[in-house]
K.L.:
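Have a look at this one before I ask anything.
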Amino acid sequence: MAVAADTAAVGAGDRGRPGWIRALTDDGTPLGPPEWVADLPAAVAERERESAPRWVWAVGEDDYGLLVRSGVRVARCHDVALTEAILLGREGRHEAPHLLGAAWARLRSLPVRPDPPRQAPEAQSALFGLDAAADAPDAEHRLEMLVDVYADQVRRIAAQERQAPGLRLLVAAESAGALVAAEIEADGVPWRVDVHDAVLTELLGPRPFGDARPAKLADLAVRVGEAFGFPPSRGFNPDSTPQVLRALRYAGFQISSTRAWELRQLGHPGVELLLEYKELSRLHAAHGWAWQDAWIRNGRFHPEYVVGGVVTGRWATRNSGALQIPRIMRRAVVADEGWKLVVADAGQLEPRVLAAVSGDVGLARAAGEGDLYAALAAEAFEGDRAAAKLGLLGAMYGQTKGGIGPLLAVLRSRFPAAMGFVEEAARAGEAGGMVHSRLGRTCPPPSRRWRAAVTGIGGDGADEGGGAGGGGVGLDGGGGPGEPGFDDGGPDGEGAESADFGRQSAQVARARGRFTRNFVVQASAAEWALVWLALLRRSLAALAAENPGSPAPHLAFFVHDEVVVHTPQELAAQVADAVAEAADGARLLVFGPTLVRFPLATAVVDCYADAK
DNA sequence: AGCCCTTGCGCG
DNA sequence: AAAGCGCGCAAGGGCT
């Protein structure tokens, strides 16, 4: 009487090993009673072999992480927490709690409590997105909650079919992203500690004891101090911005900051030393020996991704700075013996995405070429590629100064649909409205502070963006994305009357306009990349299945528009093909028929640093 | 000692 | 040549 289920909900038990499984139809209707299994990873692996259902779980980061650590991989999932965040975002409630407990409470019109804080990885399996309080429901009850919330999410997605037809794909891709993230975290980036050491030693001198400054930095610090007239005994610290500022002002320079580009204009002999110090100091602090101790285990760097951690849907990382690995440190990323790295970079991704989402035929034609900027330059900028690039980037970021005006004017006249698209998004943002990505991810609404600063009223009026259970919006103070710190226009209420209130409020409004202008592009680009990743993951699994005699290739790294696959050498060519096919598949799924292409710069290398 | 903010730079 | 999006992270420094 085995029923082949499309979908199966899964719940981890408190100790991680036992758990519950329940077969469902794809709309969440149970096909039978919950089934207790003594060894959850083994049971999941068995069902995966039998029917490869779409697994439903509360928090992929935890639930799938547990499975992966037990050596189990699955093909598909529905991640309730990530889905809830996307659905809440469409309601303008980005800050509302989104884990299973909160989602279920909202569904039942019960009081919604804040999401529990993240726990150490060892404790994660027990959490299941719920408070570990004394009244936390047992595993079987949690499975019921999971099934209820899943069915509700399926209904909510279906209800948005007209306004957001891409939502189903977005949820699938976001969930698949969580699979990729968990697998990369477990497999890790191949990282040669000896090479890392060699690079550090070459640049900084030998590893110092404790947290002493490495020799090269100590030496530079003294020389910088001397150059600016500090006797060595005074202990000049180039890491201290106020000290550097004082020194330079004392030397007669009018300088507003110690940013590198500003220092470079000074022409003081100490500046070069200072810049060298700053560069090396940063390398040491951010990716030096301490970082190595913390993050490299057994020749692998294990980053922690936060899927959908950025408002635009880009991934973030926790603690390791994985998305900011300095180019020079990529020399330490080396394939194992007999293996290769396939490194693929989707070049000029955002302008291509703009061409696709805006439906601008002229820009799409340029984006059908290998070098979009060159094509654009030939078409509208008399062959001046630099001008074409500057103009297009300026249009996507909302640049107004630096002589960009004429370039934007050319773009407006030649590519009205593309320019109209970003300018419409900017106007919506300035007016406090919401914008959406290609697949339906929604930008956050303006904060209370933003509205107060723009309208001059209602600094703390009724603000709850509707919705049961409200909870949690909490501190609205920091200024959200697109809302860089702005002053409240004066020490007290009379700011609203002051002469420059209008100017300030326009400035604040425009800042949000730049955010929404960029959101529609960056968020759509993130979706293309997510689908690319998901399709590639599927192809790699198929490739592994076709080559049982060979170890399996695996995704090793992902940064916004770039992937690294670690593969047995004999499969490298096929992996490179798979990467390209996935890119084209993502184009079709996300954008449908379009002239736009997403060409990749792909390299098969031993060392990441050799890819570019 | 620890919190919170600012600064500056790494990445895309 | 410098002002235009999204982030994470470390260090300094003011505060409690």
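Every chain is numbered from 1, with letters handed out A, B, ... down the list of sequences. Keep in mind it's a predicted model, so treat the numbers as computed, not measured.
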K.L.:
Which is true for Leu349(A) with a 4.0 Å heavy-atom rule: it touches a base, it touches only sugar-phosphate, or it touches nothing?
P.N.:
nothing
K.L.:
So, is Asn237(A) near the phosphate of dG12(C), with a side-chain N or O under 4.0 Å from OP1 or OP2?
P.N.:
yes
K.L.:
Taking any heavy-atom pair under 4.0 Å as a contact, classify Arg330(A): base, sugar-phosphate, or nothing.
P.N.:
sugar-phosphate
K.L.:
When all nucleic acid strands are considered with a 4.0 Å heavy-atom cut-off, which category describes Ala260(A): base, sugar-phosphate, or nothing?
P.N.:
sugar-phosphate
K.L.:
For Gly321(A), which contact category applies under a 4.0 Å heavy-atom criterion: base, sugar-phosphate, or nothing?
P.N.:
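Here Gly321(A) touches the backbone only, sparing every base.
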K.L.:
For a quick test of reading the model: is some side-chain N or O of Thr400(A) closer than 4.0 Å to OP1 or OP2 of dG4(C)?
P.N.:
yes
K.L.:
For a quick check of understanding: with a heavy-atom distance under 4.0 Å over all strands, which category does Arg517(A) fall into, base, sugar-phosphate or nothing?
P.N.:
nothing
K.L.:
Between Glu350(A) and Arg264(A), which is nearer to the 5' end of DNA chain C once each is assigned its nearest nucleotide?
P.N.:
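The 5'-side residue here is Arg264(A).
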K.L.:
Suppose we define a pair by two distances each less than 3.5 Å, Watson-Crick or G-U wobble; what does dG4(C) pair with here?
P.N.:
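WC or wobble partner does not exist here.
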K.L.:
Please confirm whether any donor atom in the side chain of Arg514(A) sits under 3.5 Å from an acceptor in the base of dC5(C), or the reverse.
P.N.:
no
K.L.:
When only distance counts, do a donor and an acceptor, one from the side chain of Arg314(A) and one from the base of dG12(B), lie under 3.5 Å apart?
P.N.:
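It does, because a donor-acceptor pair links the side chain of Arg314(A) to the base of dG12(B) below 3.5 Å.
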K.L.:
Base, sugar-phosphate alone, or nothing: which one does Thr258(A) contact when heavy atoms must sit under 4.0 Å apart?
P.N.:
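Touches sugar-phosphate only.
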K.L.:
Do any side-chain nitrogens or oxygens of Arg282(A) fall under 4.0 Å of OP1 or OP2 in dT7(B)?
P.N.:
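So the side-chain polar atoms of Arg282(A) never come under 4.0 Å of the phosphate oxygens OP1 or OP2 of dT7(B).
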